[in-house]
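Residue numbers begin at 1 in each chain, while the letters A, B, ... track the order of the sequences. Remember, predicted model here, so these are calculated numbers, not experimental data.
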There are 2 protein chains.
Amino acid sequence: MPPAPGDREARREDVSEAVWHVLADKGFGGLTLRAVATEMGVSTGMLMHYFPAKRALIAHALDLLEKRTAERPRRARPAEGLATVRAMLLDILPLTADDTARNRIWVSSWDLALADDGLATDQADRYTRMRSTLRPHLEAARGLGELPAAADPEQLAATAVAFTHGLVVQTLFDPARFPEDVQIAMLDDFLASLARR
Amino acid sequence: MPPAPGDREARREDVSEAVWHVLADKGFGGLTLRAVATEMGVSTGMLMHYFPAKRALIAHALDLLEKRTAERPRRARPAEGLATVRAMLLDILPLTADDTARNRIWVSSWDLALADDGLATDQADRYTRMRSTLRPHLEAARGLGELPAAADPEQLAATAVAFTHGLVVQTLFDPARFPEDVQIAMLDDFLASLARR
DNA sequence: CCTTACGTACCGAACGCTTGTTACGTACCC
DNA sequence: GGGTACGTAACAAGCGTTCGGTACGTAAGG
């Protein structure tokens, strides 16, 4: 059943899936070719057939992480302004098992990223993009009078991202302390505190 | 310059220092016995003389991290209430090179911690302690009328820690975007948003 | 239609290297 | 001389990577 050309990309997807599982429970520190091979019941040689080196596999894993983050299901964007900001931040929080795995892998990647200049600037760019995506909606909120006129949207975006990711990290380490309703309550109170002035 | 007994603890301190340097620029993923030995110009055998195994060295590194965090220079605590909260959070932010190194190592340790149940609960406890340390001062602030009477100090502590650590991470990846004054301005605005209701 | 040739997919084993660890030797001081 | 403090060198295990071989499917040629 082997050489069915065209399955090549599908096979790479299978490898991606195995890499995802390994990352989700061992982190990048535990990502090894043999671990991935064992996970999918194949040989390490097969992995090299689809990825020329581990470097390529790591790069692919990071692409996959970004892709899955971009393509994750998101809730509908309600009315413009703070309501949309709320929806965007809710889409980041680890409320489901998938969200938790994804966030866990992101946090795990920071060890790698901080040690590698290229990966570090990638991560920095990612944050810049995240803030840029948030900013227009904060501007809209300001226009709607939901935020004080003096508010600085760029800085508020950075603050919102900071709050959200800080909550992500605390939740990953202590899920029992931060169940869904607590996370949502914290986010709502945070947004309310930005609003009322 | 050999067996001067009593130097034993001092020697372990020297090793600690080398471990610190390696961690600060390679992270836990790059922490290796040979890297530490090379860093201090000795043999790996010497390391094993003071630490029976790498496990012990990692444990010591984590202790060191906690100790240096606990014993870091802190600014004076001003008047009770929000001013003290501000001082405590400023003591966390990566404003100096030392603060940056310490935070970098903390973030790096999360990859390890998320993959190891024991380390994960340690980290969870650390967060619990951090919130507990902050809470009384938030209560005091509420008593002083600096916070709304309806404020929940425990939740506010979690929110403050989240904001601060989220800012830490963004700053580590993009120091140029978050120089000292920007970090401080963000913290002050964040605290102001908690206050005014 | 059968045969030959060839490229793809994969396994199993080995390679060389780095890792943590151990054993042994030596220099030193009390 | 005996215990302490190392350096040196080797160890086994695990790593990423390479290589030869096999099985299979497709395409070409008579």
Might you list the N or O atoms of the protein lying below 3.5 Å from N or O atoms in nucleotides 14-17 of chain C, with each pair's distance?
none

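Using a 4.0 Å cut-off between charged side-chain N and carboxylate O, B:Arg129 and B:Glu66 make a salt bridge. Using a 4.0 Å cut-off between charged side-chain N and carboxylate O, B:Glu9 and B:Arg12 make a salt bridge. A salt bridge does not link B:Arg68 to B:Glu13: none of the charged side-chain nitrogens sits closer than 4.0 Å to a carboxylate oxygen.
Looking at heavy-atom distances under 4.0 Å, B:Phe51 makes no contact with the nucleic acid at all. B:Thr32 comes within 4.0 angstrom of the backbone, heavy atoms only, and of no base. Using a 4.0 Å heavy-atom cutoff across all strands shown, A:Met48 reaches at least one base atom of the nucleic acid.
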- Task: Determine, step by step, whether B:Thr159 and A:Phe163 satisfy the side-chain contact (heavy atoms from CB on, under 4.5 Å) criterion, reporting the C-alpha distance in whole Å, the side-chain angles of both residues, the deciding distance to 0.1 Å, and the verdict.
- Result: CA-CA 7 Å; B:Thr159 298; A:Phe163 163 77; 3.5 Å; yes
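Per the geometry, NZ belonging to A:Lys54 stands 12 Å off C1' belonging to D:dT17, to the nearest Å. For A:Met40 and C:dA9, the CE to P distance is 13 Å, given to the nearest whole Å. Between the CE atom of B:Met46 and the C1' atom of C:dA27 there is a distance of 16 Å, given to the nearest Å. When rounded to the nearest whole Å, the span between CG of B:Leu31 and P of C:dT19 equals 11 Å. Atom pair A:Glu9:CD and C:dA9:P shows a separation of 12 Å (rounding to whole Å applied).
Counting heavy atoms from C-beta on, the side chains of A:Val169 and A:Trp110 come closer than 4.5 Å.
In the displayed structure, B:Arg55 atom CZ is contacted under 6.0 Å by at most 12 heavy atoms of other residues, nucleotides or ligands. With a 6.0 Å radius and a threshold of 12 heavy atoms from other residues, nucleotides or ligands, A:Asp181 has its CG atom above the threshold.
Cluster membership for A:Leu172 and A:Val182, using ILVMFWY side-chain heavy atoms within less than 4.5 angstrom, is shared.
Phosphate proximity of C:dT8 to A:Arg11: absent, as no side-chain N or O sits under 4.0 Å from OP1 or OP2. Residue A:His49 places no side-chain N or O under 4.0 Å from the OP1 or OP2 atom of C:dC10.
Residues from residues 12-20 of chain B lying near DNA chain C, meaning a heavy-atom separation below 4.0 Å, are absent.
Each of A:Asp99, A:Thr100, A:Asp98 was scored for a side-chain hydrogen bond (donor to acceptor under 3.5 Å, both in side chains) with A:Thr96, with one residue passing: A:Asp99.
When distances are taken from the side chain of B:Leu33 to each of C:dC11, C:dA9, C:dG20, the shortest belongs to C:dG20.
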